[in-house]
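Order of listing sets the numbers, starting from 1, for every ligand and every atom in it.
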Amino acid sequence: MTLDRPGAHVADPSAYEADTLGMSVEEMRRLGHKIVDLVIERHIARNAEPAILTGVPADLMAVLGGPLPEDPMDPDASIDLLTEVALTHQQHGDHPRYFARVPGPSSFAGILGEWLGTGFNTISSSWGGGSGPATIEMVSIRWLSQMIGLPEQTEGVLVSGGSIANLTAFSVARSELGPGVAYLTDQTHSSLPRDLREMGCGTSDIHYVAVDEALRMSMPALRAAIAKDRAAGRKPLMVVATAGSTNTGAADPLNAIADICQKEGLWMHVDGAYGGPSAVTAQGRAYLQGLERADSVVLDPHKWFFQPYDVGACLVTRPGALERCFAMSPEYLKDVQATTGAVNFGNRSLELTRRSRAIKLWLSIRTYGAKRFRAAVQRGIDNAEYAEAYLRSKPDVWEIVSPAQIGCVCFSLKDAEHNTHGERAKAVADSGFACVSSTSLHGRSVLRLCTINPLTTRSDIERTLDMLAEGIGAP
Ligand SMILES: *Cc1c(COP(=O)(O)O)cnc(C)c1O
């Protein structure tokens, strides 16, 4: 179906042949195709290229810097310099052996959506100025919420990533319930306390709750913390639960937290920036039981929802709460929204002029379908379980410290060699073959694999673990 739109009004199209900065149609086409080809070639060659490459500041500056170009330079040479130097010196989050931190296994349909949106200089700020992109964002948020099992009335906004999405949710919580204390743990991603500090929370407003053996928020400790703050005359505001910690994939007990929030009148926030998308699978849904009871949920589609950087989602299950917090002219908005169902996304976060991050999401969900997303997420969960089984098959070498939990497994060399974890991880990264993290759990050094790239093979996992075991830098 197509909707009616006005016809073209240009009297003399040839007058507009060159764009404002002087590139002919032929040149646009030639360079555009060149870039498409470069990206495709990179995808074909990617698995044999280094998973990560880090440069030396002076070397990179020498090649990429130089005096301000007053006169035009050859775009082909500049594009080549970008692809050969600047864009190779990165962590390649979509490389099948990039297991560090949280990978970004972006899908090609997502890339196409990103290109198209940029090419049409897409804006998603107001309904009047961007009703098409706004609809795409509303639909994407609806689909995303449905896929992870959030209630029908869920609303949301797409921002740059988890850090800003969490900040957005915290602002909404405060706007709905007033200022107060936030409860989190030492497994909470470090960008969240930073968000709270930047909102003006002091140390007494950020209450760290103890974790249990499995690094999940302890419920007795949470109840005690709330009671202690009330006794001291402070107002508890919200519990910040983590649905898949970056360290181990551990999820706080969401149902128990929802019960406490309900009883105490607190906002329930869930940071699912890493693990939230696991809820598209039956296994992940069971693991994150209670997620659907949250007041706000954050996801990072640029991690486990196969989108190129950047896109984070802030989802809020209380209708109107985002606008009550962020609308700049709420009086005007009441009319528009109540009568037409139009959304002004510039009224749902601190971003006013904003590109559409929904186009890539919409295009990739339609291109692949929900079933393939579920299968791709499940594959990441299975791969961590395979890694755990492989490590357990070599009990003389390895010990599991935190078992596979939605795509993440932490392990350690047998006692004497703990101190070499960091060196071994670095040797593997320096070789370019793979990239893994070392972190610390209960004060103990561990190695960690995050296996959410659906392209990762069992052989990729085995070879990476063998290299770590041998402590060498070449496969
Ligand atoms: C990555 C991550 C964040 C931060 O998200 P950005 O997209 O890097 O801003 C927050 N919480 C968790 C659990 C994460 O994994």
Suppose I only count heavy atoms of [X] and a 4.0 Å limit; which atoms of ligand 1 are within that range?
X    : result
T246 : 12 (C), 13 (C), 14 (C), 15 (O)
A273 : 2 (C), 3 (C), 10 (C), 11 (N), 12 (C), 14 (C)
H302 : 7 (O)
G161 : 7 (O), 9 (O)
D300 : 1 (C), 5 (O), 6 (P), 7 (O)

Taking distance alone, with no angle check, do [X] and ligand 1 share an N/O pair under 3.5 Å?
X    : answer
S163 : yes
D271 : yes
G162 : yes

Can you report which non-hydrogen protein atom sits closest to atom 10 (C) of ligand 1, along with the distance?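 I find the closest protein heavy atom is H189 CG, 3.4 Å.
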Which residue and atom name correspond to the protein heavy atom nearest atom 1 (C) of ligand 1, and how close is it?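 Ranking protein heavy atoms by distance from atom 1 (C) of ligand 1, first comes K303 NZ, 1.4 Å.
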Residue from T464, T457, T456 passing side-chain hydrogen bond (donor to acceptor under 3.5 Å, both in side chains) with D460: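 Result: among T464, T457, T456, T457 is the only option passing the side-chain hydrogen bond (donor to acceptor under 3.5 Å, both in side chains) with D460.
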Between Q307, E114, H302, which is the residue that forms a side-chain hydrogen bond (donor to acceptor under 3.5 Å, both in side chains) with K360?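 When side-chain hydrogen bond (donor to acceptor under 3.5 Å, both in side chains) is applied between K360 and each of Q307, E114, H302, only E114 qualifies.
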Does NZ or CZ of R348 come closer than 6.0 Å to the centre of the six-membered ring of F345, within 45° of the ring's axis? yes
Within 45° of the ring axis of F411 and under 6.0 Å from its six-membered ring centre, is that where the NZ or CZ of R448 lies?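 So R448 doesn't make the cation-pi contact.
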Please work out whether any backbone atom (N, CA, C, O) or any side-chain heavy atom from C-beta onward of S191 is under 4.0 Å from ligand 1, and answer side chain, backbone, both or neither. side chain
Does the side chain of I226 come within less than 4.5 Å of L222's, by heavy atoms?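 Sidechains of I226 and L222: in contact.
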Without swapping roles, check the side chain of D212 against the backbone of S218 for a donor-acceptor pair under 3.5 Å. no
Basic-acidic side-chain contact under 4.0 Å: R194, E198: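 Looking at E198 together with R194, the answer is no, because their closest N to O distance does not fall below 4.0 Å.
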Counterpart residues, side chain to side chain donor-acceptor pair (under 3.5 Å), relative to R230 (two or more places apart): E264
